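What you see is a predicted model; the values in this text were computed from it and never measured. Ligands are counted one by one from 1 in listed order, and the atoms in each one are counted from 1 as well.
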Amino acid sequence: MSRRRPSSAEGIGSSGSPKRQDPAGENPEGGISPGRLFVCPTPIGNLEDITIRTLKVLRRVDLIAAEDTRKVKVLLERYRVRRVPVVSYHRHNEEQRVGYILEYLRRGRDVALLSEAGTPGISDPGERAVRAAIREGIPVEALPGPTAFVPALVVSGLSTRRFAFEGFLPRQAGARRKYLESLADEERTLVFYEAPHRLQETLADLLAVLGDRQAAVARELTKLHEEVLRGSVSELLDHFTVNPPRGEVVVVIEGCRPPEDVDWEQVLREVKRQREAGVPFSEAVRRVAAEAGVPRRELYRLALKAEAAPDSEPLR
Ligand code: SAM
C-alpha cells in the first residue's frame, strides 16, 4: 500500500513553500525525495472557474504539462502565472512525455498536469502519467475542480443518488448500439459525453435501445450560451433535429426502472399482444422493454415463463 505524503494544502498550498527536505531535494536518508505530480482541473468554459489552490500550485511547480499548450497559455496569462515552463502532453506523445515528466519528478521537481479543459484523466489524457507516478512511489495529488459531467448531472433534474459516468460512446453505429444494449438494465442515471455533430445519432440510438426515457442535454456549460434541455429522449431528438446543436454537450438519461416499480402484468400483456401479431419472442421482449423502460433480462425471464405455462401465474 502506498503511503500518504504531505498534501499541497500542507505544503505548496497553504504555507506557500514546497515541503522538500532541503533545497537540493535531499531527504534525511541521503537520497533525493521525488517531487509531486499535481493533477490540475482547469475551466470548461468560464475562465473564473479555477480554484485559488490550483493557481497557487501552478505558480510554484517546476513544470506544467498541458494537453493544449496554446489554451493553457491564455489561462496562465490571465492569472499572471509566468516563468513556469510548459510542455505538451497529449494523446499522441503521452508515452514519451510520461518518461520526461517522471524524470522531473525523480529529481525532486513538482509537475502540474493539465488537460485541455476540465479534469485530466476524465475522457482526457492523464491516466498514464498518474499510473506511472504511482508505480514509482511518487506522490500524486488530484486537486478538486471543474469537470463537465458533474454540473450536467446535477442540473439534469434526474436522480443524482447513483449514477454511471460513461464518457464517450463508441463512434461506429454498430458498436455504439451494442454498447448501449449492455446498459439496458442499468438502474443508475447514465451520463455521456458527446460531440455536437453526433448528438442526433446518439439520441436516436438511445431511443431505439433504451426507450423513451427522461433525459437532459446540457450544452455549453459555464459559457455565455449555456442551455439545459430536459424532456423525453424523443422530445430532445425532435428539438435537435430542428435545431442542430453547437458547442459542447453532455447527455444525461434516467436509468432503467427497478423491477419492483414495474407493473409486470401490463408489460407482459404487451409482449403477448406483440407475439400474437407475429413478432419473434426476443424482438418482442426487446421492443417492450425499451418502450416501457423496464429491465430486459427480467422481462425475458417472466415472458419465457408466461409462454411456457400460459395458464399459470407469471409473477411467481
Ligand atoms: N476532461 C473534461 C472533463 O473533466 O469534463 C472532458 C474532456 S472531453 C475531451 C470533452 C467533452 O466534455 C465534450 O465533448 C463534452 O461532452 C464535455 N464538455 C466539456 N466542456 C463542456 C461544456 N462546457 N459544456 C458541456 N459539455 C462539456
Side-chain angles (χ1 to χ4, degrees), residues 37-51 53-54 57-58 64-72 74-75 78 88-94 97 112-131 140-158 160 163-171 176 179-180 183 189-203 205-206 215-230 233 236 239-240 243-253:
L37 178 64
F38 292 96
V39 181
C40 297
T42 52
I44 57 166
N46 187 328
L47 283 190
E48 293 185 358
D49 290 333
I50 187 152
T51 68
R53 184 172 164 215
T54 299
V57 166
L58 291 177
I64 293 175
E67 187 184 7
D68 183 334
T69 53
R70 270 186 311 173
K71 212 168 159 191
V72 89
V74 174
L75 182 74
R78 159 90 183 243
S88 69
Y89 172 92
H90 47 68
R91 261 180 230 303
H92 308 292
N93 70 359
E94 211 175 352
R97 271 294 194 252
L113 188 66
L114 277 62
S115 64
E116 193 186 330
T119 302
I122 301 298
S123 297
D124 261 342
E127 201 179 296
R128 270 191 170 168
V130 168
R131 228 182 283 134
V140 180
E141 286 187 36
L143 309 189
T147 189
F149 76 86
V150 174
L153 170 70
V154 172
V155 85
S156 71
L158 300 172
T160 54
F163 64 91
F165 170 65
E166 288 291 336
F168 288 98
L169 283 163
R171 286 185 191 182
R176 192 169 55 233
Y179 191 81
L180 286 174
L183 295 173
T189 303
L190 298 166
V191 188
F192 301 99
Y193 281 168
E194 195 46 287
H197 60 277
R198 275 195 294 270
L199 180 63
Q200 273 169 261
E201 265 174 86
T202 294
L203 289 172
D205 283 347
L206 287 171
V217 172
R219 200 176 69 78
E220 296 286 82
L221 287 164
T222 78
K223 301 183 194 174
L224 191 62
H225 299 292
E226 171 169 329
E227 174 185 62
V228 183
L229 282 125
R230 305 174 187 88
V233 176
L236 293 170
H239 172 85
F240 287 112
N243 312 284
R246 289 223 196 124
E248 303 192 273
V249 292
V250 181
V251 181
V252 188
I253 180 166

Is any side-chain heavy atom of E94 closer than 4.5 Å to one of E67? no
Considering residues, nucleotides and ligands other than R78, do more than 12 of their heavy atoms fall under 6.0 Å from its CZ? yes
Is there a side-chain contact between F192 and L183 (heavy atoms, below 4.5 Å)? yes
Quick one, list the residues around ligand 1 where some non-hydrogen atom comes in under 4.0 Å, by chain and residue number. I44, A117, G118, T119, I122, S123, D124, T147, A148, F168, Y193, E194, A218, E220, L221, K223, E248, V249, V250
So which of E226, E227, E194 actually passes salt bridge (Lys or Arg N to Asp or Glu O under 4.0 Å) with R219? E227
Taking E201 first and then R171, would you say they form a salt bridge - that is, a charged N and a carboxylate O separated by under 4.0 Å? no
Partners passing ring-ring contact (aromatic ring centres under 6.0 Å, His included) against Y193 (at least two apart in sequence or in another chain): F165, F168
